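Have a look at the structure below before the remarks.
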There are 2 protein chains.
Amino acid sequence: MAPGARERILDTAFGLFYAHGPRGVGVDTIVAESGVAKATLYKHFPRKDDLVLAYLDRVDQVWFGQLRAAARTAGEDPRDQLVGLFDAVVRACRREGYHGCAFINAAAETDTATDVHARTVEHKAVVRAWVADLARRAGAADPQLLARQLTLLLDGALTAGVLDADPAAADGARRAARTLVAEATGGTW
Amino acid sequence: MAPGARERILDTAFGLFYAHGPRGVGVDTIVAESGVAKATLYKHFPRKDDLVLAYLDRVDQVWFGQLRAAARTAGEDPRDQLVGLFDAVVRACRREGYHGCAFINAAAETDTATDVHARTVEHKAVVRAWVADLARRAGAADPQLLARQLTLLLDGALTAGVLDADPAAADGARRAARTLVAEATGGTW
DNA sequence: ACGCTAGCAGACAGTTCTGTCTACCACCAC
DNA sequence: GTGGTGGTAGACAGAACTGTCTGCTAGCGT
């Protein structure tokens, strides 16, 4: 009880939604697993979609935090930070129960007109804007282009990480990122 | 009747599965839409999963055909062909009703131990092997690495194409491909 | 003592899903 | 004409789904 019903629901939903996809988990399962009453769940999240959106918000926080940490760890040079982003991917793919990008997975099972889809687009746009800022500070000739290319690689690597357990995927992405950053900033460093 | 019930079922399933994801389409819907009797559907495809796999096989044929056509159109030089692959992505993303990579979408809503997941892994491996052969003929220092990087970009671009209608995504992927191919084959051409 | 808030427990309605089954029909080979 | 093949039409069972509702309990501020 101490952590409050809302947190328990979100914790449970986080694990189940990520493992099986929002559509693959019934409300009853979340109720049973979290030990919360059904009425309580529907008080906090009137519709299942509200719970899904709260789940995605949490994923956004966690994943963005990991990206920031990876960049911070990579060093002072923004170019190193851009490449360092892919350490977050490498680490994520190695994690037990890794199942790809939660946003991509969630969007894959919804129509393009839904809130879930919109939230996914928004998340990707925010990440790309942040990468573009790094690219600008790295002195890229076209920061928007470089950010676009790196986030494409990012999404590709996140997807490949679940399809193909081979860690060569994330490593290949990292090396590709280095090549693209070098090309965009005019030479190696 | 002329085209046979099996084809009618597959045609209908192809459209519906791609638009809403296999899990988002009930067997009843396919029955109604294809004008086929339920018993007939279950005679040809004893389980829904069998129909999903047949759907994926058809997607594989179609998409691989488009990749091959894009490479062929790009010219004689294997390096041009590697870059030309991304024309297939550009064209796919522009198509009305584009909804991303059918394999990635299908895999996103299944467990990793399922047939659907395995078929997806297989498809991606076949495409990558084919790209690796192109990379070898293009004289890449490490064809496996280049193929890995290009297919990462491919998957990233296919995913971005549905999340973000901006055609800059596929174009960015194309330009990144050119950079990576140049780097791997030692200089521009 | 009183009322308010938060929560638990579980029945319930109504829909939708997969998969099975019965009954009938049309054609074609022999 | 007779039997096999492939198809239609639709009822049906059994499960799972979302969302609602009733009743009960415990704590807490005043």
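For clarity, every value in this text was computed on a predicted model and none was experimentally measured.
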Rounded interatomic separation in angstrom, taking CD1 from I9(A) and C1' from dA6(C):
11 Å
List for me each residue that meets side-chain hydrogen bond (donor to acceptor under 3.5 Å, both in side chains) alongside D166(A), sequence neighbours excluded, and say none if there are none.
R148(B)
Could you list all N or O pairs between the protein and nucleotides 16-22 of chain C that sit under 3.5 Å apart?
unit_1: dT18(C); atom_1: OP1; unit_2: K48(B); atom_2: NZ; d: 2.6
unit_1: dT18(C); atom_1: OP2; unit_2: V27(B); atom_2: N; d: 2.5
unit_1: dG19(C); atom_1: OP2; unit_2: K48(B); atom_2: N; d: 2.9
unit_1: dG19(C); atom_1: N7; unit_2: K38(B); atom_2: NZ; d: 3.2
unit_1: dG19(C); atom_1: O6; unit_2: K38(B); atom_2: NZ; d: 2.5

Name every donor-acceptor pair, under 3.5 Å, that has one atom in a side chain of residues 16-25 of chain A and the other anywhere in the protein, sequence neighbours excluded.
unit_1: Y18(A); atom_1: OH; unit_2: H99(A); atom_2: N; d: 2.7
unit_1: Y18(A); atom_1: OH; unit_2: G100(A); atom_2: N; d: 3.1
unit_1: Y18(A); atom_1: OH; unit_2: G100(A); atom_2: O; d: 2.7
unit_1: R23(A); atom_1: NH1; unit_2: E109(A); atom_2: O; d: 3.0
unit_1: R23(A); atom_1: NH2; unit_2: H20(B); atom_2: O; d: 3.4
unit_1: R23(A); atom_1: NH2; unit_2: E109(B); atom_2: OE1; d: 3.4

Just list the side-chain donor-acceptor pairs under 3.5 Å for residues 119-133 of chain B, sequence neighbours left out, or say none.
unit_1: R119(B); atom_1: NH1; unit_2: D57(B); atom_2: OD1; d: 2.9
unit_1: R119(B); atom_1: NH1; unit_2: D57(B); atom_2: OD2; d: 3.1
unit_1: T120(B); atom_1: OG1; unit_2: V116(B); atom_2: O; d: 3.0
unit_1: H123(B); atom_1: ND1; unit_2: D60(B); atom_2: OD1; d: 2.5
unit_1: K124(B); atom_1: NZ; unit_2: D155(B); atom_2: OD1; d: 2.9
unit_1: R128(B); atom_1: NH2; unit_2: D164(A); atom_2: OD2; d: 3.1
unit_1: D133(B); atom_1: OD1; unit_2: R136(B); atom_2: NE; d: 3.4
unit_1: D133(B); atom_1: OD1; unit_2: R136(B); atom_2: NH2; d: 2.7

Below the 4.0 Å mark, does dG7(C) have OP1 or OP2 next to a side-chain nitrogen or oxygen of H44(A)?
yes
For nucleotides 24-29 of chain C, give me one character per nucleotide, 5' to 3': B if any protein heavy atom sits under 4.0 Å from the base, S if the only such contacts are to the sugar-phosphate, - if neither.
------
Would you please name every residue forming a side-chain hydrogen bond (donor to acceptor under 3.5 Å, both in side chains) with D28(A), sequence neighbours left out?
K38(A)
Got a sec, which residues hit side-chain hydrogen bond (donor to acceptor under 3.5 Å, both in side chains) with R178(A), two or more places apart in sequence or on another chain?
none
Taking atom C1' of dA9(D) as reference, at what distance in whole Å does atom NZ of K43(B) sit?
15 Å
Residue pairs meeting salt bridge (Lys or Arg N to Asp or Glu O under 4.0 Å), one or both in residues 87-101 of chain A, sequence neighbours left out, come to D87(A)-R174(A)
Would a distance-only check, ignoring hydrogens and angles, find a side-chain to backbone donor-acceptor pair under 3.5 Å from Y98(B) to L158(B)?
yes
Residues in side-chain hydrogen bond (donor to acceptor under 3.5 Å, both in side chains) with D77(A), at least two apart?
R79(A)
Just the rounded figure in Å: distance from C1' of dC17(D) to CG of L41(A).
14 Å
Tell me whether the OP1 or OP2 atom of dC8(C) has a side-chain N or O from T40(A) closer than 4.0 Å.
yes
Nearest whole Å is fine: how far is dG19(D) P from I30(A) CD1?
11 Å
